[in-house]
Colleague: 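Before anything else, here's the structure in question.
All values below come from the heavy atoms of this structure, side chains included, with hydrogens, waters and symmetry mates left out. Numbered from 1 within each chain, the chains take letters A, B, ... in sequence-line order.
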Amino acid sequence: MKIGVCIKEVADTASKIELRADGTGINESSLKFVMNPYDEFALEEALLVKDKDPQTEVVVISIGPERIGETIRKALAMGADRGMHVKIDGLPFGESLAIAQILSKVATQEKFDLLMFGKQAVDDDNFQVPPMVGALLNWPQAVNVVELQWQGNNVTAIRETEGGSRELVALQAPFLIGMTKGIHEPRYASLKGIMAAKKKETKVVTPQDFAVDVAALHTFSQAVYSVPTERQAVKMIGGDPAQAAAELVRLLREEAKVI
Amino acid sequence: MQKVVVIVETKGAAIKKSALEVISVAAQVADKIQGQVEVVVFGSGVKSNLSLVEEFKVAKVHCIDAPELANYHLHTIAPTLLKLLQALQPHSILASASLMGKDLLPRLAAALGVGMASDCVAVRVDNGKLIVKRPIYAGKAFVELTFAGRMPFICTLRPNVFPINKTANNKPEVAAVAWNAADVINGGKLVEIKAGESKRLDLTEADIIVSGGRSMKNADNFKILFDLADVIGASVGASRAAVDAGYAPHSMQVGQTGKVVSPKLYMAFGISGAIQHLAGMRTSKVIVAVNTDPEAPIFKKADYGIVGDLFVLVPEIKKAFEKLLKI
């Protein structure tokens, strides 16, 4: 089986987010970059398939500037067989359609049996790319998946839905999956894996190699960034527990007006 | 006349509250562009449940009613919706950024050849174009996006952010849209639904949430939060630390890798306020924090705070609410 795992390099969630002086975007110089946490779960599921059947080929694909090479190497160190880096500089937030077009072309060229994604990237929080790729390829999909139960090349995907409910969706290859936090913890790259990664191939390509005109696919003509206004300082409520509780409830009713 | 189309989400044949928020926004957009709102309602038995729509300025309802549509499933409904939308040629398409919205709208958008904006918290119209504001980096920043010009403009709206404005008393035209068993996406099938135990509103749609952290000490202790929640009609959440320790299931987790919520009241008990937790609840209208540690980071983000033992304070707060609400 040939599995494509789509990964994204994102800013570490603990990063302090600051605007660039001209408000045209986020100041990247102070950011630390990591593999999108949900993509790690997707990669882990693919590697588990490879653990069971070593004939499986796991290819990681990532789209972005020069620096994402490091995240691709990390995926190779975890056990992916080879990488593909589609080089793009400065793609604005929210242009998921262009990303989806590129990935669908890659999937067709590589003849993947399935595509694994993290459900959303924790920088743009868009939650768009996997279903968009599904539409472009006309493949069945399951997003917000916590567990995969394999039957040969087909799978029953277990999705977490509202109110703690679970859905079981049967998918026949080729299909795509958007993982949320799954039941398997992503593995650490072993020293052996890190050494082996140095010999693995990462092909560097551009959107033009897939006949994708990113500029023509732009959805938005302008993006203006801002940071949230801070709340007023907290009002601490003192007194013994009964007094504090009574005062809190009074404030919630009379001042905040939420009860 | 330009159409602002709303994909209405239903649950058990009834229209969801979050859909009414979207219809309210759609009505405002339609006003600005001198267009009209048309809604698409699908499910099983929905055609007799359309009366709620009459309280909004909706010109037309497209109703897809079939027993096979009783439970939302993308592969079953997407092709029919796509055909309908291609025929309607909307100015814009709006839906709730619920799990259904996240699953379905990007699929429809790409099939229609356009992009979209997800989880928007503000919508306005300027010169006929849609401009939306949405959170990024888990709400640490916002981006205001102007749609470039290719219609339809598609966006999903964060639940619990937009008010419901009932402005009309109105009988919209209702058109039945046929659903055919042949119009499905092959290779994907809903096999089984295992209903969750929660009788309460899902966290992402709850108006009031009470949440417990690692200080809850065990799963049984969460009962005191459920009891409090019952008094004020809240849903119950948990921090990642509590979930990782096994005190609550992942479906209750609020935060970066859990659910993002925006209730009007969020009460955090024994939660320190890690950045990843804040990411999940920072857009709550009012935040209350109770913690034994006066230095807990959550106090920096809360509106009201009490330093104290949650095991003493939760029952006291419950009593105080009962007295206020005369229960």
Colleague: If I measure from the heavy atoms of chain B, does A:S104 come under 4.5 Å with its side chain, its backbone, both, or neither?
Modeller: neither
Colleague: By a 4.5 Å heavy-atom criterion (distance strictly below it), what part of A:A242 contacts chain B: side chain, backbone, both, or neither?
Modeller: both
Colleague: Does any backbone or side-chain atom of A:Q232 lie under 4.5 Å from a heavy atom of chain B? Answer side chain, backbone, both or neither.
Modeller: backbone
Colleague: What are the residues of residues 277-287 of chain B, in order of number, with any heavy atom under 4.5 angstrom from a heavy atom of chain A?
Modeller: B:R282, B:T283, B:S284, B:K285, B:V286, B:I287
Colleague: For B:D244, is there an ion pair with A:K181 - N to carboxylate O distance below 4.0 angstrom?
Modeller: yes
Colleague: Tell me whether the count of non-hydrogen atoms from other residues, nucleotides or ligands lying under 6.0 Å of NZ in B:K17 goes above 12.
Modeller: yes
Colleague: Which atoms of B:L74 are under 4.5 Å from chain A, going by heavy atoms: the side chain, the backbone, both sets, or neither?
Modeller: side chain
Colleague: Answer with side chain, backbone, both or neither: which region of A:N154 has an atom nearer than 4.5 Å to a non-hydrogen atom of chain B?
Modeller: neither
Colleague: Let me confirm one number: the CG-CG distance from B:D119 to A:D124, rounded to the nearest 0.5 Å.
Modeller: 11.0 Å
Colleague: Mind running salt bridge (Lys or Arg N to Asp or Glu O under 4.0 Å) on A:E162 and B:K16 for me, showing each step along the way?
Modeller: CA-CA 13 Å; A:E162 275 143 18; B:K16 285 179 93 167; 2.9 Å; yes
Colleague: Counting heavy-atom pairs under 4.5 Å with chain B, which one of A:I17, A:L251, A:V227, A:L252 comes out on top?
Modeller: A:I17
Colleague: Okay, side chain of A:R253, backbone of B:F321: is any donor-acceptor separation there less than 3.5 Å?
Modeller: no
Colleague: Kindly indicate, with the supporting measurements, whether the criterion side chain to side chain contact (heavy atoms under 4.5 Å, CB included) is fulfilled by B:V191 and A:V169.
Modeller: CA-CA 5 Å; B:V191 169; A:V169 179; over 6 Å; no
Colleague: Less than 4.0 angstrom from a charged side-chain N to a carboxylate O is my criterion; do A:R231 and B:D303 meet it?
Modeller: yes
Colleague: Whether A:E160 and B:K194 form a salt bridge (side-chain N of Lys/Arg under 4.0 Å from carboxylate O of Asp/Glu) is what I want to check.
Modeller: no
Colleague: Given heavy-atom pairs under 4.5 angstrom as the criterion, report whether the side chain, backbone, both or neither of A:I237 touches chain B.
Modeller: both
Colleague: Is it the case that the side chains of A:Q141 and B:D103 hold a donor-acceptor pair, with the cut-off being a distance below 3.5 Å and no angle test?
Modeller: yes
Colleague: Using only atom types and a distance under 3.5 Å, with no angle test, would you say the side chain of B:S118 pairs donor to acceptor with the backbone of A:N126?
Modeller: yes
Colleague: Do B:F142 and A:Y225 have their ring centres less than 6.0 Å from each other?
Modeller: no
Colleague: Taking it one step at a time, do A:R166 and B:E192 satisfy salt bridge (Lys or Arg N to Asp or Glu O under 4.0 Å)?
Modeller: CA-CA 8 Å; A:R166 300 249 153 147; B:E192 190 187 336; over 6 Å; no
Colleague: Measuring heavy-atom distances to chain B, does A:L168 have an atom under 4.5 Å in its side chain, in its backbone, in both, or in neither?
Modeller: both
Colleague: Side chain, backbone, both or neither: which part of A:R159 has an atom under 4.5 Å from a heavy atom of chain B?
Modeller: side chain
Colleague: With side chain to side chain contact (heavy atoms under 4.5 Å, CB included) as the test, would you mind laying out the steps for A:I26 and B:Y137 before giving the verdict?
Modeller: CA-CA 10 Å; A:I26 305 299; B:Y137 291 107; 3.5 Å; yes
Colleague: Rounded to the nearest 0.5 Å, what's the gap from CD on B:E144 to CZ on A:F220? Could you check?
Modeller: 11.5 Å
Colleague: Answer with side chain, backbone, both or neither: which region of A:L171 has an atom nearer than 4.5 Å to a non-hydrogen atom of chain B?
Modeller: both
Colleague: Show your reasoning for whether side chain to side chain contact (heavy atoms under 4.5 Å, CB included) applies to B:K140 and A:K16.
Modeller: CA-CA 8 Å; B:K140 283 188 260 198; A:K16 187 156 162 44; over 6 Å; no
Colleague: Most heavy-atom pairs under 4.5 angstrom with chain A, which of B:S251, B:A320, B:G187?
Modeller: B:G187
Colleague: Tell me, side chain or backbone of B:I317 under 4.5 Å from chain A's heavy atoms, or both, or neither?
Modeller: both
Colleague: Checking heavy atoms, do the side chain of A:N144, its backbone, both or neither come under 4.5 Å from chain B?
Modeller: side chain
